[in-house]
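Read through the structure below, which is laid out as structure tokens, and then see the notes.
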Amino acid sequence: MTKSLANLRSRRWFTVNDMRGFAHRQRIQQMGLRREDVLERPIIGIINTWSDLSPCHAHLRERADSVKRGVLLAGGMPFELPAMSLGEVMVKPTTMLYRNFLAMEVEELLRSLPIDGVVLLAGCDKTTPGTVMGALSAGLPMLFCPAGPMLSDRYLKRGEAARAVGAGTHTRMFWDEYQAGRIDDAEWTALESRMTRSPGTCNTMGTASTMTSIIEAMGLALPGSTAIPAMDAGHTRLATDCGERIVQMIWEDLTPARILTKGSFHNAAVAQMALGGSTNAVVHLIALARRAGVDLRLDDLDAVSRQVPVLANLYPSGDRLMEDFHYAGGMPALLNRVREHLSLGEMTVTGKTLAENIAGRDSLDDEVIRPLGNPVSASGALAVLRGNLAPEGAVMKPSAASPKFFRHRGRALVFDSPAEMVQRCADPELDCDENTVLVLRNAGPVGAPGMPEWGGLPIPKKLLALGVRDMVRISDARMSGTHYGSCILHVSPESAVGGPLALVRNGDEIMVDVEARKLELVVDEAEMTKRRAALSVPPRTHQRGYIRLYQDHVTQAHEGCDFDFLQGPAATPEPLIF
Ligand code: FES
């Protein structure tokens with residue numbers, strides 16, 4: 001399958017000899033470019049999610065220049081297109097609220113402009129799924145260029161062994177130590193300048209690394225690209241390679257429709273489990289699959305998790321960082337370790353199959369990329385729980401949880417908002433013990449809105465002081481992929497649309513059985529019916545603007561939280577040019 005200059009999409013703008021064609025060529029020359037620069041070359045869009053308030057993407061302006069160099073060397077013409085930048089930590093109430101906004105922006109940018117193919121420069125948690133969702137709906141050849149992880153840091157304290165510390169994971173650990181009085185104010189303040197040594201994405205196997213890694217496993221990024229540190233010279237070369245390759249992909253007419261299949265999504269799931277990846281990936285993968293017209297459900301992911309052990313020894317499931325993963329061989333080496341579970345014949349952006357891409361790529365460090373016989377965790381990176389508390393499912397990450405809670409019964413302590421949760425968890429008189437099950441509701445896609453990462457509910461301060469570091473926590477929220485703990489997340493349907501989480505009362509008994517995949521409220525059906533009858537669904541919190549659109553159209557967690565009108569592979573017609 002090949003494409004010629006004559007049938008490039010951008011020809012519709014530039015080669016027609018009418019008044020509009022004249023204006024398009026004229027405006028190109030207004031920018032100092034030559035007529036032939038757009039008449040004789042494919043036009044490459046570079047979607048750039050850089051901004052001054054997005055530290056994970058702080059280097060992407062320079063990387064865009066490298067992509068341009070590659071495009072020009074390969075005979076294309078690059079144009080950089082800024083898109084919404086979603087820096088995970090700064091954007092409130094949550095970047096998840098804006099993932100679909102970014103996806104719409106990318107899709108419409110690509111459709112409305114004379115673009116033949118696109119390189120996506122992104123990497124922070126929502127910018128990866130957001131840009132890929134938009135680009136796959138636009139249907140043009142696309143290549144994802146991951147922002148790369150930030151550099152590793154070390155925590156040194158006199159008298160203690162040096163330890164690697166990573167963004168996100170250690171922030172939570174140190175916060176718990178500070179709350180428990182084991183770190184003083186001076187050290188807490190000093191820690192602010194630690195853990196985040198350079199531009200780049202979080203260097204643990206949080207959501208950012210999970211998403212960029214599984215996009216590579218799906219065949220949408222160059223082999224080995226995910227783990228190259230953002231500040232490595234190799235990352236600059238990677239950007240140039242991406243620019244060069246996207247031009248070739250246009251001539252090969254290598255569109256996402258030729259790459260994204262049931263098999264490529266299966267490979268993404270295998271990668272997520274072998275990585276010990278973030279639970280957030282579940283929502284994004286299902287959203288991506290629905291846009292690609294692939295039937296992927298929570299139970300498919302659970303089935304993969306039962307078969308594929310966690311092999312990547314990376315925080316929060318392990319104790320190494322992304323830089324170590326890069327040195328050990330990165331994704332090609334990891335995928336080679338789990339090749340028996342993969343659909344190896346899937347096409348990728350290289351124009352070769354996944355099998356060809358990973359052939360001979362062995363792990364260089366068995367402590368970082370473990371052999372199948374010595375996994376980091378045999379308990380799996382994902383468990384999908386169901387029961388009367390989560391009829392459409394809930395998820396947890398057993399590899400980052402305490403095994404003692406895999407079978408558990410405890411009394412519920414319910415919070416209706418994060419503000420109430422924070423206030424009450426600081427109360428030294430709070431009625432709870434380590435067996436209590438903390439419940440947070442009104443934190444889902446519609447209720448919060450945007451399904452923020454509030455699902456790592458804080459351990460009550462009085463229990464922290466007693467040395468408690470984990471409890472069973474249940475919510476309709478998400479949790480940061482860098483965090484750890486026995487947190488049951490994404491309860492679906494959420495409480496704000498009448499899901500059973502809304503029926504829980506303080507003191508109710510809740511039963512969790514991870515092996516049996518069960519999550520039950522131990523309340524008889526007659527009582528549940530009575531409570532349901534008395535329940536009133538809260539009104540939408542926003543009456544105008546984008547958030548109103550979001551609350552009216554977002555789907556539930558088990559459906560990917562995409563907008564209902566954006567799902568499905570049906571193409572939007574090309575714009576009229578008059
Ligand atoms: Fe951007 Fe973690 S905050 S990747």
Side-chain angles (χ1 to χ4, degrees), residues 47-61 63 83-99 102 120-132 144-153 164-175 191-216 221 225-232 235 272 275-281 283-284 314-317 321-323 325-326 397 400 450-456 478-484:
I47 295 283
N48 195 349
T49 54
W50 168 89
S51 95
D52 267 336
L53 274 174
S54 187
C56 311
H57 298 169
H59 55 307
L60 293 187
R61 265 177 156 178
R63 294 302 176 273
M84 189 176 203
S85 184
L86 298 174
E88 186 65 25
V89 176
M90 294 291 178
V91 174
K92 306 298 176 196
T94 166
T95 51
M96 187 63 184
L97 186 61
Y98 298 107
R99 182 202 64 178
L102 173 61
L120 306 170
L121 278 174
C124 195
D125 296 22
K126 308 307 178 301
T127 59
T128 298
T131 54
V132 175
F144 182 78
C145 181
M150 66 180 78
L151 297 175
S152 300
D153 195 14
V165 290
T169 302
H170 283 85
T171 304
R172 168 69 70 181
M173 286 181 180
F174 288 132
W175 172 243
L191 282 166
E192 274 178 16
S193 61
R194 307 289 303 277
M195 296 177 263
T196 49
R197 266 186 70 210
S198 76
T201 48
C202 290
N203 50 5
T204 49
M205 188 41 67
T207 306
S209 299
T210 304
M211 288 310 302
T212 54
S213 300
I214 68 178
I215 291 296
E216 182 179 328
S225 58
T226 294
I228 300 173
M231 292 295 103
D232 193 307
H235 195 268
Q272 182 192 342
L275 289 162
S278 162
T279 48
N280 285 324
V283 179
H284 303 314
L314 301 169
Y315 283 110
S317 296
L321 297 168
M322 286 299 287
E323 207 173 316
F325 188 53
H326 175 57
K397 186 174 181 178
M451 204 183 176
E453 292 184 336
W454 296 339
R478 297 174 302 113
M479 178 175 79
S480 166
T482 61
H483 288 179
Y484 53 90

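In listed order, ligands and their atoms are each counted from 1. As the structure is a prediction and not an experimental result, all values here were calculated from the model. Residue numbers count from 1 along this sequence.
Neither side chain, Ser278 nor Thr210, offers a donor N or O lying under 3.5 Å from an acceptor on the other. The closest side-chain donor-acceptor pair between Thr94 and Arg478 falls under 3.5 angstrom. In summary, the side chains of Arg194 and His170 do not present any donor paired with an acceptor at a separation below 3.5 Å, with no hydrogens or angles considered.
Of all protein heavy atoms, the one closest to atom 2 (Fe) of ligand 1 is Cys202 SG, 2.1 Å.
Among the atoms of Cys56, an N, O or S atom is found under 2.8 Å from atom 1 (Fe) of ligand 1. Among the backbone and side-chain atoms of Cys124, an N, O or S atom lies under 2.8 Å from atom 1 (Fe) of ligand 1.
The closest side-chain heavy-atom distance from Leu314 to Met322 is below 4.5 Å.
If you number the atoms of ligand 1 from 1 as listed, the ones under 4.0 Å from a heavy atom of Glu88 come out as 3 (S). When each atom of ligand 1 is checked for a heavy atom of Ala208 under 4.0 Å away, the hits are 4 (S). In the vicinity of Asp125, heavy-atom distances shorter than 4.0 Å reach the ligand 1 atoms 2 (Fe), 4 (S).
In this pair, His235 and His59 present their aromatic rings tilted. The plane angle is within the 30 to 60° band.
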